[in-house]
Amino acid sequence: MGSVVDAPSADLTKVVNGCLSNDKKVTVVFVLGGPGSGKGTQCASIVKNFGFTHLSAGDLLRAEIKSGSENGTMIQNMIKEGKIVPSEVTVKLLQRAMQESGNTKFLIDGFPRNEENRDAFEKVTGIEPEFVLFFDCSEEEMERRLLSRNQVSGDWDDDNIETIRKRFKVFVESSVPVVEYYDAKFKVRKINAGKSIDEVFEAVKTIFTPAN
Ligand SMILES: Nc1ncnc2c1ncn2[C@@H]1O[C@H](COP(=O)(O)OP(=O)(O)O)[C@@H](O)[C@H]1O
Ligand SMILES: Nc1ccn([C@@H]2O[C@H](COP(=O)(O)OP(=O)(O)O)[C@@H](O)[C@H]2O)c(=O)n1
Ligand SMILES: [Mg+2]
């Protein structure tokens with residue numbers, strides 16, 4: 001497998017609709033997996049080791065609620081119901097965060113979660129992901145992790161059993177088809193995410209480390 005860092009990718013000018021004058025190349029890796037599969041945890045380690053900027057769609061949406069945005073109430077209700085926020089909102093937040101980061105390598109975590117997300121991002125930014133990192137984990141394990149995350153973090157008001165079940169259903173119905181779409185293009189790098197954090201990262205590392 002070739003180096004992620006050196007692979008050709010989209011033009012940053014497209015990311016900001018031609019508003020940027022430089023011609024830096026952008027590398028995007030989508031990070032997908034069910035709720036509680038460990039996306040956020042592993043992204044933090046990838047950032048430390050491989051120089052990517054981590055953009056979590058869920059974190060950006062939660063920050064938008066906290067900022068008192070006019071969309072805040074709508075976003076909050078959708079998250080409570082485990083539903084997917086309209087792409088118009090999420091893509092704008094991602095695009096702004098990419099511009100503000102000053103980086104050219106992005107891990108986009110928890111996105112695209114449905115076909116509408118995928119289509120909107122592609123149309124607005126012109127970016128195709130380098131690959132899709134997919135964390136494969138059983139529902140039983142994800143449920144266990146989310147219920148214990150709920151006890152340590154006050155930030156997630158969707159880690160209760162009712163919302164968790166709804167999120168699993170949305171994952172299977174809306175997000176798995178996105179993974180299948182990229183799988184058909186040979187872009188999916190699937191990781192067994194049911195192991196310990198360290199074991200999962202060992203597998204992740206092999207994907208981000210250029211082959212000799
Ligand atoms: N491999 C793992 N084994 C056990 N617990 C994990 C593992 N990876 C993450 N966790 C824990 O599970 C919860 C969900 O992880 P998180 O990274 O937030 O997942 P996601 O972003 O996919 O929802 C967190 O409390 C995290 O500390
Ligand atoms: N692309 C996205 C990502 C998250 N979300 C919303 O944000 C919630 C939490 O997403 P998250 O990515 O933080 O959740 P985890 O999969 O990390 O547990 C989702 O259940 C959706 O309601 C969304 O609407 N669109
Ligand atoms: Mg997360």
Side-chain angles (χ1 to χ4, degrees), residues 28 30-47 54-66 71-95 97 106-122 124 129 132-179 191-205:
V28 162
F30 288 146
V31 183
L32 297 177
S37 59
K39 301 182 293 296
T41 304
Q42 295 296 327
C43 282
S45 297
I46 299 167
V47 164
H54 174 211
L55 301 177
S56 156
D59 287 352
L60 290 168
L61 290 167
R62 284 184 286 271
E64 188 68 358
I65 298 170
K66 282 195 180 146
N71 286 321
T73 311
M74 178 274 288
I75 297 171
Q76 191 160 28
N77 289 333
M78 308 257 337
I79 288 182
K80 270 237 165 77
E81 287 302 310
K83 292 184 180 158
I84 298 168
V85 173
S87 304
E88 193 197 343
V89 172
T90 316
V91 170
K92 258 190 207 142
L93 294 173
L94 286 169
Q95 205 179 10
F106 302 97
L107 294 170
I108 302 196
D109 158 9
F111 183 97
R113 253 182 160 88
N114 62 8
E115 289 292 330
E116 192 218 1
N117 271 182
R118 185 187 64 68
D119 191 54
F121 185 83
E122 217 170 274
V124 171
V132 175
L133 191 61
F134 173 56
F135 290 111
D136 191 25
C137 195
S138 70
E139 268 191 22
E140 296 73 35
E141 175 64 16
M142 294 194 284
E143 187 176 302
R144 250 195 307 277
R145 292 179 189 177
L146 292 175
L147 290 172
S148 69
R149 181 172 74 178
N150 182 32
Q151 280 156 21
V152 288
S153 164
D155 230 24
W156 272 263
D157 55 7
D158 52 347
D159 284 349
N160 58 75
I161 195 66
E162 292 82 33
T163 309
I164 288 170
R165 296 262 155 87
K166 287 179 187 165
R167 290 160 72 198
F168 285 158
K169 192 165 186 286
V170 168
F171 174 69
V172 170
E173 287 174 357
S174 303
S175 309
V176 169
V178 175
V179 177
I191 303 271
N192 176 356
K195 300 183 179 178
S196 72
I197 292 175
D198 289 348
E199 284 171 313
V200 175
F201 190 59
E202 282 306 310
V204 167
K205 262 199 286 197

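Note that the numbering runs from 1 along the sequence shown for the chain. Note that ligands are numbered from 1 as they come in the structure, with each ligand's atoms numbered from 1 the same way.
Annotation for ligand 2: atoms under 4.0 Å from non-hydrogen atoms of Gly58 are 10 (O), 11 (P), 13 (O). Shown in contact with Pro35 at under 4.0 Å from a heavy atom are these atoms of ligand 2, numbered in order with element: 16 (O), 18 (O). Set against the non-hydrogen atoms of Phe111, the atoms of ligand 2 under 4.0 Å away are 1 (N). Shown in contact with Thr41 at under 4.0 Å from a heavy atom are these atoms of ligand 1, numbered in order with element: 9 (C), 15 (O), 16 (P), 17 (O), 26 (C). Interface of Gly110 with ligand 2, defined as ligand atoms under 4.0 Å from a residue heavy atom, comprises 1 (N), 2 (C), 3 (C). For ligand 2, the atoms lying closer than 4.0 Å to a non-hydrogen atom of Arg62 are 9 (C), 13 (O). Under a 4.0 Å criterion applied to the non-hydrogen atoms of Ile84, ligand 2 contributes the atoms 24 (O), 25 (N). Less than 4.0 angstrom separates some heavy atom of Ala57 from each of these atoms of ligand 2: 1 (N), 2 (C), 3 (C).
On a distance-only criterion, Lys195 and ligand 1 share at least one N/O pair closer than 3.5 Å. Checked against a 3.5 angstrom limit, the closest N/O atoms of Gly40 and ligand 1 fall inside it. Among the atoms of Lys39, some N or O lies under 3.5 angstrom from an N or O of ligand 2. Not a single N or O atom of Glu141, backbone or side chain, sits closer than 3.5 Å to an N or O atom of ligand 1. When only interatomic distances are considered, the shortest N/O to N/O separation between Ile197 and ligand 1 falls below 3.5 Å. Looking at Ala193 next to ligand 1, no N or O pair under 3.5 Å apart turns up. Some N or O of Gly38 is nearer than 3.5 Å to an N or O of ligand 1, by distance alone. For Asp59, no nitrogen or oxygen atom sits less than 3.5 Å from a nitrogen or oxygen atom of ligand 2, counting backbone and side chain alike.
The two residues Ile65 and Gly72 come nearest to each other via the heavy atoms CG1-O, 3.8 Å. Residues Asp109 and Cys43 approach most closely at CB-SG, 4.0 Å, considering heavy atoms. For the pair Val31 and Lys39, the tightest heavy-atom approach, listed with the atom from each and the gap, is O-CD, 3.7 Å. Of all heavy-atom pairs spanning Glu143 and Phe168, the tightest one is N-CZ, 3.8 Å. When all heavy atoms of Pro112 and Asn117 are compared, the closest pair comes out as CB-CB, 3.5 Å. Ala120 approaches Ser87 most closely through the heavy-atom pair CB-CB, 3.6 Å.
Within the 4.0 Å heavy-atom shell around ligand 1 one finds Gly34. Not a single heavy atom of Gly33 sits less than 4.0 Å from an atom of ligand 1.
Residue Ser148 does not touch ligand 1, judged by heavy-atom distances below 4.0 Å. Only the side chain of Asn117 comes within 4.0 Å of ligand 2, judged by heavy-atom distances. For Lys83, every heavy-atom contact with ligand 2 shorter than 4.0 Å involves the backbone, none the side chain.
Using a 4.0 Å cut-off between a side-chain N of Lys or Arg and a carboxylate O of Asp or Glu, Glu140 and Arg144 do not qualify as a salt bridge.
If you check the side chains of Glu141 and Ser138, you find no donor sitting under 3.5 Å from an acceptor.
Distances from atom 5 (N) of ligand 2 to the heavy atoms of Leu61, Val85, Thr163 show the closest one on Leu61. When the options Arg145, Gln42, Arg144, Glu199 are ranked by their closest heavy atom to atom 5 (N) of ligand 1, first place goes to Arg145. Taking all heavy atoms of Gln76, Lys80, Arg113 into account, the minimum distance to atom 12 (O) of ligand 2 is reached by Arg113.
The distance from the CG atom of Leu55 to the OG1 atom of Thr90 is 12.5 Å, given to the nearest 0.5 Å. Atom CG of Leu146 is separated from atom CZ of Arg167 by 5.5 Å, given to the nearest 0.5 angstrom. In this structure, the separation between SG on Cys137 and CE on Met142 is 5.5 Å, given to the nearest 0.5 Å.
Ser148 places a side-chain N or O within donor-acceptor distance of the main-chain N or O of Arg145, the cut-off being under 3.5 Å. Counting only distance, with no hydrogens or angles, the side chain of Thr163 and the backbone of Lys80 share a donor-acceptor pair below 3.5 Å.
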Could you check Gln42 against Ile197 for side-chain contact (heavy atoms from CB on, under 4.5 Å), going step by step and ending with a plain yes or no?
CA-CA 8 Å; Gln42 295 296 327; Ile197 292 175; 3.9 Å; yes

